Amino acid sequence: MKKLFNVFLSACIAASGAALSGFTYEAGSAAGSLTKGCKSAYLMDYNSGECLYKENEAARMPIASVCKVMTLTLVFDAVSAGKFTLDDTVSVSSKAMGMGGSQIFLDSKCQYTVNQLIKSVVVCSANDSCVALSEKVAGGEDEFVALMNGKAKELGCTDTLFANCTGLPRDTQYSCARDVALMFANLIKNEEYYNYSKIWLEEFEHPDNRKTSMTNTNKLIRKYSFCDGGKTGFTNEAGFCLAATAKKNNLRLVSVVLGAGSSDDRFNSTVQMFEYGFANYQNKIVLDKDVTLNDEFSVRGGKRDTFQVKPERNSYVFSAAGKAPEITHKVVDFNVKAPVAVNQVVGEIEVYKDGILCDKVNVVAAESVDKAGYGDYLKQNASQWAI
């Protein structure tokens with residue numbers, strides 16, 4: 001079964017309602033003047049990847065500890081691939097223990113869990129934890145850096161080169177605002193990330209009973225109510241940098257500022273970009289994973305001929321506030337044969353925005369269908385001959 005039907009979006013302008021507390025936003029700021037004191041900036045919609053604002057977005061420059069976005073990505077990838085779990089232990093090398101800059105003061109005589117080390121990287125940007133994790137994943141930092149560069153190419157980052165996993169200054173290390181946005185958007189696909197990114201204060205407990213206090217370097221966690229994740233960076237060479245994400249209603253945004261002249265400039269500019277995005281754009285849900293489709297799918301060889309279906313996940317369409325793009329769906333039935341299990345993939349929906357494909361969503365069974373037995377076929381045949 002193939003079906004084509006139209007759904008028209010209603011447009012609305014979202015009210016900002018931000019809890020800034022120490023940050024300023026001038027309502028109605030024009031795109032082109034959203035940042036202050038920053039060398040480069042980028043704002044994009046998380047779901048569609050559409051750029052909402054850019055400023056010197058491809059300029060290659062150092063990004064300091066924002067580099068750890070890729071370090072964390074590879075660690076989460078390794079966990080997803082089953083190489084190790086969050087509860088597995090990590091031995092700390094003398095190299096990791098001796099890292100300078102921001103650190104959690106690991107001891108090479110101790111072992112730590114992957115979970116602990118990830119938390120220290122996300123919350124307080126621990127360089128020693130980064131190196132320890134790189135050795136866990138790849139056997140050594142050099143080998144890990146090769147993986148970082150490979151992943152960057154895979155994500156389409158054309159102006160990025162990594163030389164270490166910490167972001168400490170290297171002449172051969174650089175990225176750009178656009179590439180950082182792509183990398184950070186990929187990182188936050190890991191739902192586990194948010195278990196760490198929203199922590200403000202916490203004690204890091206070492207196996208030898210020492211404790212090190214951690215404070216989140218991303219001040220927006222407390223200062224801006226919609227922000228639930230981010231990665232800061234600073235060196236004299238890179239200036240103040242920040243990759244961050246914020247969500248309001250159905251709209252999640254990703255922002256990057258690089259080379260800011262002060263910490264306030266990076267945070268204020270980020271809030272300014274977020275507020276601009278929330279005030280001028282919307283993400284409308286067009287498929288709800290909890291709502292069955294109007295039409296049932298057919299099934300061959302089942303105890304009944306049809307069954308109900310629903311989208312496997314929500315689908316959103318991004319647009320400017322005040323605009324109503326034409327949304328069409330093309331539903332494809334995979335011609336399923338019984339038995340059918342609940343949540344089994346049985347088809348696909350293609351979502352089109354103004355005639356352009358913008359999303360593909362699996363269709364799953366909302367109910368089970370048992371395979372027909374001999375007795376069922378006899379009943380079916382008998383009913384056909386009934387007078």
Side-chain angles (χ1 to χ4, degrees), residues 46-47 65-93 95-97 99 102-104 106 108 110-157 160 162 164-167 179-199 202 204-207 212 214 216-218 221 228-233 243-245 247 252 254 312-313:
Y46 167 73
N47 283 297
S65 285
V66 177
C67 161
K68 290 164 184 160
V69 165
M70 183 58 81
T71 301
L72 290 165
T73 294
L74 293 182
V75 175
F76 280 121
D77 283 355
V79 172
S80 297
K83 292 183 177 179
F84 49 79
T85 71
L86 294 175
D87 294 324
D88 282 354
T89 57
V90 178
S91 298
V92 178
S93 68
K95 177 182 178 180
M97 179 180 173
M99 292 304 299
S102 56
Q103 54 188 305
I104 202 67
L106 301 180
S108 60
C110 298
Q111 287 194 330
Y112 300 81
T113 65
V114 173
N115 178 66
Q116 282 181 294
L117 299 185
I118 290 176
K119 185 183 296 185
S120 67
V121 175
V122 175
V123 177
C124 63
S125 198
N127 290 330
D128 44 0
S129 293
C130 282
V131 175
L133 286 168
S134 75
E135 294 169 345
K136 178 71 172 179
V137 172
E141 186 180 11
D142 290 342
E143 293 82 359
F144 188 82
V145 169
L147 296 178
M148 294 172 71
N149 286 317
K151 186 70 174 183
K153 289 181 180 179
E154 177 187 323
L155 295 175
C157 300
T160 294
F162 295 109
N164 60 42
C165 66
T166 59
D179 285 2
V180 170
L182 292 177
M183 291 185 284
F184 189 62
N186 182 72
L187 170 63
I188 62 178
K189 289 179 181 178
N190 298 283
E191 287 297 323
E192 298 90 347
Y193 167 79
Y194 296 103
N195 294 333
Y196 310 102
S197 65
K198 293 179 279 190
I199 295 171
E202 191 169 301
F204 184 96
E205 297 185 3
H206 297 263
T212 304
M214 296 188 298
N216 203 318
T217 59
N218 177 21
I221 294 299
D228 55 3
K231 184 69 200 78
T232 60
T245 183
K247 183 178 181 180
R252 176 172 290 283
V254 170
E312 186 176 43
R313 60 171 174 80

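Keep in mind that what you see is a predicted model, and the values were worked out from it rather than measured. Keep in mind that the numbers below use all heavy atoms, side chains included, and drop hydrogens, waters and symmetry copies. By convention here, the first residue in the shown sequence is residue 1.
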Practice prompt. Mind jotting down which residue pairs meet the ring pair (Phe, Tyr, Trp, His ring centres under 6.0 Å) criterion with at least one end in residues 69-90? Sequence neighbours excluded, please.
Written response: none
Item to complete: Applying side chain to side chain contact (heavy atoms under 4.5 Å, CB included), name anything that partners Thr85, two or more places apart in sequence or on another chain.
Response: Asp87, Asp88
With [X] via side-chain hydrogen bond (donor to acceptor under 3.5 Å, both in side chains) - residues at least two apart:
{"X": "Gln103", "value": "none"}
{"X": "Asn218", "value": "none"}
{"X": "Ser197", "value": "none"}
{"X": "Ser129", "value": "Ser120"}

Just so I know, are the side chains of [X] and [Y] near enough to count as touching, which here means a heavy-atom distance under 4.5 Å?
{"X": "Leu86", "Y": "Val79", "value": "yes"}
{"X": "Phe184", "Y": "Val66", "value": "no"}
{"X": "Leu155", "Y": "Met183", "value": "yes"}
{"X": "Val254", "Y": "Ile188", "value": "yes"}

Discussion item. What's the separation between atom CE in Met148 and atom SG in Cys67, rounded to the nearest 0.5 Å?
Written reply: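 Met148 CE to Cys67 SG: 4.0 Å, rounded to 0.5 Å.
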Worksheet, complete the sentence: Value for SG (Cys110) from CD (Gln116), rounded to nearest 0.5 Å, stands at 10.0 Å
Discussion item. If we count only N and O atoms by modelled type, under 3.5 Å, do the side chains of Asn127 and Lys68 hold a donor and an acceptor together?
Written reply: yes
I'd like to know if the side chain of [X] reaches the main chain of [Y], judged simply by a donor and an acceptor atom lying under 3.5 Å from each other, with no hydrogens or angles considered.
{"X": "Asp128", "Y": "Met99", "answer": "no"}
{"X": "Asn190", "Y": "Tyr193", "answer": "no"}
{"X": "Ser125", "Y": "Val121", "answer": "no"}

Nearest heavy atoms of [X] and [Y], plus distance in Å:
{"X": "Lys136", "Y": "Thr89", "answer": "NZ-O, 3.0 Å"}
{"X": "Leu182", "Y": "Gly156", "answer": "CD1-O, 4.0 Å"}
{"X": "Ala132", "Y": "Leu106", "answer": "CB-CD1, 4.3 Å"}
{"X": "Val90", "Y": "Thr113", "answer": "CG2-C, 4.5 Å"}
{"X": "Ser93", "Y": "Ala96", "answer": "OG-N, 3.1 Å"}
{"X": "Ile221", "Y": "Gly229", "answer": "CD1-N, 3.8 Å"}

List the atom pairs, with distances to 0.1 Å, where a side-chain N or O of residues 140-147 and a protein N or O form a donor-acceptor pair under 3.5 Å, not counting sequence neighbours.
{"residue": "Glu141", "atom": "OE1", "partner": "Lys95", "partner atom": "NZ", "Å": "2.8"}
{"residue": "Glu141", "atom": "OE2", "partner": "Cys165", "partner atom": "N", "Å": "3.0"}

Practice prompt. Evaluate side-chain contact (heavy atoms from CB on, under 4.5 Å) for Tyr196 paired with Ile118, printing each intermediate quantity in order.
Written response: CA-CA 8 Å; Tyr196 310 102; Ile118 290 176; 3.7 Å; yes
Worksheet item: Among all residues two or more places apart in sequence or in another chain, which pass the salt bridge (Lys or Arg N to Asp or Glu O under 4.0 Å) test with Lys119?
Response: Glu202
Worksheet entry | salt bridge (Lys or Arg N to Asp or Glu O under 4.0 Å) partners of Glu191, counting only residues at least two apart | none
Practice prompt. Determine which pairs satisfy salt bridge (charged side-chain N to carboxylate O under 4.0 Å, His left out) with at least one residue from residues 180-190, sequence neighbours left out, and list them in order.
Written response: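 Those involving residues 180-190 do not exist here.
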Practice prompt. Give every residue pair that meets the salt bridge (charged side-chain N to carboxylate O under 4.0 Å, His left out) criterion with at least one member in residues 73-83, sequence neighbours excluded.
Written response: Asp77-Lys151
Item to complete: Give the C-alpha distance, both sets of side-chain angles, the deciding distance and a yes or no for salt bridge (Lys or Arg N to Asp or Glu O under 4.0 Å) between Arg252 and Asp228.
Response: CA-CA 10 Å; Arg252 176 172 290 283; Asp228 55 3; 2.8 Å; yes
Discussion item. Test side-chain contact (heavy atoms from CB on, under 4.5 Å) on Cys124 and Asn216; report intermediate values, then the result.
Written reply: CA-CA 5 Å; Cys124 63; Asn216 203 318; over 6 Å; no
Worksheet item: With sequence neighbours left out, what residues match Phe204 under ring-ring contact (aromatic ring centres under 6.0 Å, His included)?
Response: Tyr112, His206
